[in-house]
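Note sheet for the following structure.
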Amino acid sequence: MAQSVNITELSLPQLELLKNQLDQSADDAKDFFKRKIDFLTKQMEKIQPALQEKHAMKQAIMEMMSQKIQQLTALGASQAAAAKA
């Protein structure tokens with residue numbers, strides 16, 4: 001666990017050391033997130049074709065189901081008309 005320090009009590013060399021550590025931590029964080037962004041971008045590029053294919057399949061299934069519903073609705077309407085006659 002980090003220890004709290006009052007920076008007003010630090011000497012100039014200690015302050016310079018602290019500043020260098022903070023600068024290094026910021027650089028390390030920037031490098032980490034750049035690597036993370038690169039990794040996620042590559043992963044997205046890998047899965048994009050599969051997602052596009054799944055989307056196309058979903059669209060085809062939705063269209064087929066819509067046609068079936070229309071057919072069943074038309075069939076039900078014609079049977080209802082025949083039953084009334």
Side-chain angles (χ1 to χ4, degrees):
M1 188 160 145
Q3 179 180 358
S4 69
V5 174
N6 186 348
I7 61 170
T8 60
E9 297 174 358
L10 296 177
S11 66
L12 184 58
Q14 291 173 321
L15 286 171
E16 288 175 351
L17 178 63
L18 179 60
K19 181 188 177 299
N20 290 338
Q21 288 175 344
L22 291 173
D23 288 343
Q24 185 62 41
S25 294
D27 290 341
D28 290 345
K30 287 177 187 175
D31 290 342
F32 169 80
F33 283 107
K34 183 181 180 336
R35 288 191 312 271
K36 189 72 167 178
I37 289 169
D38 291 342
F39 171 76
L40 292 173
T41 300
K42 287 177 185 171
Q43 294 301 310
M44 287 170 46
E45 289 170 355
K46 283 182 185 178
I47 64 171
Q48 187 175 9
L51 289 176
Q52 288 173 334
E53 183 180 340
K54 287 181 181 221
H55 179 73
M57 290 294 289
K58 177 189 161 215
Q59 291 299 107
I61 290 169
M62 295 287 287
E63 187 176 324
M64 189 182 307
M65 289 177 69
S66 177
Q67 290 174 356
K68 294 273 185 184
I69 290 170
Q70 287 175 354
Q71 289 173 354
L72 290 173
T73 303
L75 179 64
S78 66
Q79 286 178 350
K84 286 183 181 178

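- A continuous path of hydrophobic side-chain contacts links L15 to L22 [ILVMFWY only; heavy atoms under 4.5 Å].
- Look at K19 and D23 and you find a salt bridge, because one of the NZ, NE, NH1 or NH2 atoms lies within 4.0 Å of a carboxylate O, short of that distance.
- A salt bridge links K34 with D38: the closest approach of a Lys/Arg side-chain nitrogen to an acidic carboxylate oxygen falls below 4.0 angstrom.
- Atoms CE and CE, from M62 and M65 in turn, are 7.0 Å apart once rounded to the nearest 0.5 Å.
- For the pair L75 and Q71, the minimum side-chain heavy-atom distance is 4.5 Å or more.
- If you check the side chains of Q70 and T73, you find no donor sitting under 3.5 Å from an acceptor.
- No side-chain N or O of N20 forms a donor-acceptor pair with one of Q24 less than 3.5 Å apart.
- In this structure, L72 CG and K68 NZ are separated by 8.0 Å, a value rounded to the nearest 0.5 Å.
- Side-chain contact between S11 and Q14 is present, with heavy atoms from C-beta onward closer than 4.5 Å.
- Distance check: M44 CE to I37 CD1 gives 11.0 Å after rounding to the nearest 0.5 Å.
- No more than 12 heavy atoms of other residues, nucleotides or ligands shown are found within 6.0 angstrom of CD on E53.
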